[in-house]
Amino acid sequence: MEAAGGGGGAGFRASEHQHCRYNPLRDEWVLVSAHRVKRPWQGQLEKPPNEDVPRWDPKNPLCPGATRANGEVPRCTLILLPPVSLSPIPRLHFSPLQVNPHYEGTFVFPNDFPALQPDAPEPDDSGHPLFRAAAARGVCKVMCFHPHSDLTLPLMSLLEIRAVIDAWAELEAELGASYPWVQIFENKGAMMGCSNPHPHCQVWASSFLPNEARLEERTQRQHHRQHGVPMLLEYAEQEAQRKERLVVENEDWLVVVPYWATWPFQTLLLPRRHVLRLQDLCDSERDSLASIMRRLLIKYDNLFQVSFPYSMGWHGAPTGPHLQEDCGHWQLHAHYYPPLLRSATVRKFMVGYEMLAQAQRDLTPEQAAERLRALPEVHYKLRPQETVCDAAQA
C-alpha cells in the first residue's frame, strides 16, 4: 500500500482527501479522513472535568495523612478466655489500615489492588497450542506527584515536575534491576478511567515484555538493522527539520503530533540525542524535560479550557536481563493519547471500523499540530479573565 501523505498526486490535499499513513513504530496503517470533522455531531456528549477539587480531602486515599483503600477487612480470631468460660468466644480484630505519611513532595507506595504480584504460580499446561498460557509476575506501584489534589502537572512548578522525573528515573532503575519491563503511565481525567483526581501515576514492572514493548522492540531493531540508525532518533531529526507537525521544542527535546497519529491530538515526546532509558538522562536534560512537559500540558489544557484528559506513558529500552544486551536500536520516548476531538464534551471513539478494520482519524496530524502550536503557553487559569474569555470565543 502506498501512502498519499507525502508529495501526493495532482490535486491531492491531505486536509481534504482521505488517505492512509504508515506507522513504522507499530507496523500498521491509519486511515486519515480529515473531511469527516465537518459532519454534524449528534452523539454522546461528555461531562466536563470537575474543576472544584478540594486541595486536601481526608476521604481521598491518595492525600497526605489519609487512610488508603487497601481492601483490608475485619478478620475473625478465637480468643480463649479464663477457665470460667465454657467455650471460646470469637472476637473481631481489625487488620491495621495503611495511612499515608504527611508527604510534601512525591510519594510512592505499593498499589493496594495490584494487577501483578511477585509470587503468582505457573499456569498449567493446557495440552493444546490454541490454549497457551504463561507466567505473569511483577509489582505495581502508585506515585503521587504532589500533596495537593487540586494541582495537575501543568500547574506545578518546574522544580516540582523535575522531582517527578527524578522519581520516575529512580523507580525505573530500581525495578528494572530485576524486571525486564517497567511501564510508567498516567491516566488523567475520568474520561480516561481515572477514578481519583489527585495528581498521580502508576508504575507496573513485569516479568515479561508486554505487547506494545515487544512490537516496538521488533520494529526498532529491524529499522536499525536496515538503516544503521535508531528509528526514532532519525524521525526526530526529520521532524525538527520539517516543522509542520512540531508543537514545542527546546535544546534537548521536541514534541510532535506524529505523522501516523491515531488520536486527534496525540503527541510524541522525543529526546534529540540517543538515550535508552529515563535513568540515562543527565541533569540538564531532566530540567529541560520538565520545561517541555509543562509547555505541552499547558497547551493541552488551553485547547478547550479544561483539564485535558489523556493517557501517557514512557517507552525505553527493556531492563532486567536486557541491561547486559546491546539495545542501541531503542530510543527513549513518551506517548500522549488524549481522546478529545472537537471540544471538551466531544471525544473520539475507537469503535466500529477502528475495532474491526484499522485506526481512523478525523483531522490531519498537521492540522492538530498547527492548533496546538498556536496556543499560548500561559495556563488559562493563570491568565486575566478577559484574556481567557477572548481565547474561548476565538
Side-chain angles (χ1 to χ4, degrees), residues 46-74 94-118 138-172 174-175 182-206 278 290 293-294 297-298 300-301 306-314 334 336-339 379 381:
E46 306 294 332
K47 183 180 179 180
N50 180 21
E51 299 282 353
D52 188 24
V53 177
R55 173 151 292 192
W56 183 81
D57 182 356
K59 297 180 181 179
N60 187 329
L62 297 186
C63 282
T67 300
R68 291 214 307 271
N70 63 355
E72 293 286 351
V73 296
F94 288 85
S95 298
L97 295 174
Q98 295 291 330
V99 177
N100 295 332
H102 291 276
Y103 63 91
E104 297 181 352
T106 60
F107 170 52
V108 179
F109 60 91
N111 193 314
D112 295 318
F113 302 94
L116 292 165
Q117 296 179 329
V139 296
C140 298
K141 294 183 180 288
V142 176
M143 187 177 91
C144 295
F145 296 154
H146 197 279
H148 296 164
S149 293
D150 59 343
L151 284 186
T152 55
L153 283 169
L155 292 169
M156 289 166 55
S157 71
L158 290 178
L159 286 177
E160 290 167 337
I161 299 174
R162 168 64 194 266
V164 171
I165 294 167
D166 287 340
W168 280 343
E170 183 179 342
L171 273 173
E172 184 172 298
E174 173 193 334
L175 298 174
V182 179
Q183 184 58 66
I184 299 168
F185 64 96
E186 178 194 4
N187 293 325
K188 183 188 175 201
M191 196 180 299
M192 298 309 292
C194 182
S195 60
N196 193 310
H198 195 92
H200 71 285
C201 72
Q202 297 189 54
V203 183
W204 294 11
S206 61
L278 274 169
M293 282 176 55
R294 189 171 70 169
L297 298 180
I298 286 174
Y300 269 164
D301 281 9
V306 293
S307 183
F308 206 70
Y310 58 75
S311 283
M312 71 80 65
W314 285 98
Y336 285 85
Y337 297 128
H379 199 278
K381 289 186 175 181

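What you see is a predicted model; the values in this text were computed from it and never measured.
For the side-chain hydrogen bond (donor to acceptor under 3.5 Å, both in side chains) test, residues two or more places apart in sequence or in another chain that qualify with Trp204 are Gln202. Applying the side chain to side chain contact (heavy atoms under 4.5 Å, CB included) rule to Ser206 yields the partners Leu116, Trp181, Phe208, Pro210; only residues at least two apart in sequence or on another chain are considered. Every residue was checked against the ring pair (Phe, Tyr, Trp, His ring centres under 6.0 Å) condition with His198, not counting sequence neighbours, and none meets it. Applying the side chain to side chain contact (heavy atoms under 4.5 Å, CB included) criterion to Pro147, with sequence neighbours excluded, gives Pro64, Tyr103. Residues satisfying the ring pair (Phe, Tyr, Trp, His ring centres under 6.0 Å) test with Phe145, not counting sequence neighbours, are none. In this structure, the salt bridge (charged side-chain N to carboxylate O under 4.0 Å, His left out) partners of Asp150, at least two apart in sequence or on a different chain, are Arg55. Evaluation of the side-chain hydrogen bond (donor to acceptor under 3.5 Å, both in side chains) rule for Thr106 yields no partner, not counting sequence neighbours. His200 meets the ring pair (Phe, Tyr, Trp, His ring centres under 6.0 Å) test with no other residue; sequence neighbours excluded. Glu160 meets the side-chain hydrogen bond (donor to acceptor under 3.5 Å, both in side chains) test with His146, Ser157; sequence neighbours excluded. Residues that satisfy the salt bridge (charged side-chain N to carboxylate O under 4.0 Å, His left out) test with Arg162, not counting sequence neighbours, are Asp166, Asp283, Asp287. Residues that satisfy the side-chain hydrogen bond (donor to acceptor under 3.5 Å, both in side chains) test with Asn100, not counting sequence neighbours, are Arg68. Judged as a side chain to side chain contact (heavy atoms under 4.5 Å, CB included), and not counting sequence neighbours, the contacts of Pro58 are Trp56.
Met293 has its side chain out of reach of Val164: every pair of non-hydrogen atoms, C-beta onward, lies at least 4.5 Å apart. For the pair Leu175/Lys141, a side-chain contact is recorded, criterion being any heavy-atom separation below 4.5 Å from C-beta on. Side chains of Ile184 and Leu278 form a contact here, defined as non-hydrogen atoms less than 4.5 Å apart.
Counting only distance, with no hydrogens or angles, the side chain of Asp301 and the backbone of Phe308 share a donor-acceptor pair below 3.5 Å. Distance alone, capped at 3.5 Å, places no donor-acceptor pair between the Gln117 side chain and the Gly138 backbone.
Going from atom CH2 of Trp168 over to atom CE of Met143 covers 6.0 Å, rounded to the nearest 0.5 Å.
Nearest heavy-atom pair, Tyr310 versus Glu186, reported as atom, atom and distance to 0.1 Å: OH-OE1, 2.8 Å. In this structure, Cys140 and Ala115 approach most closely via the heavy-atom pair SG-N, 3.6 Å.
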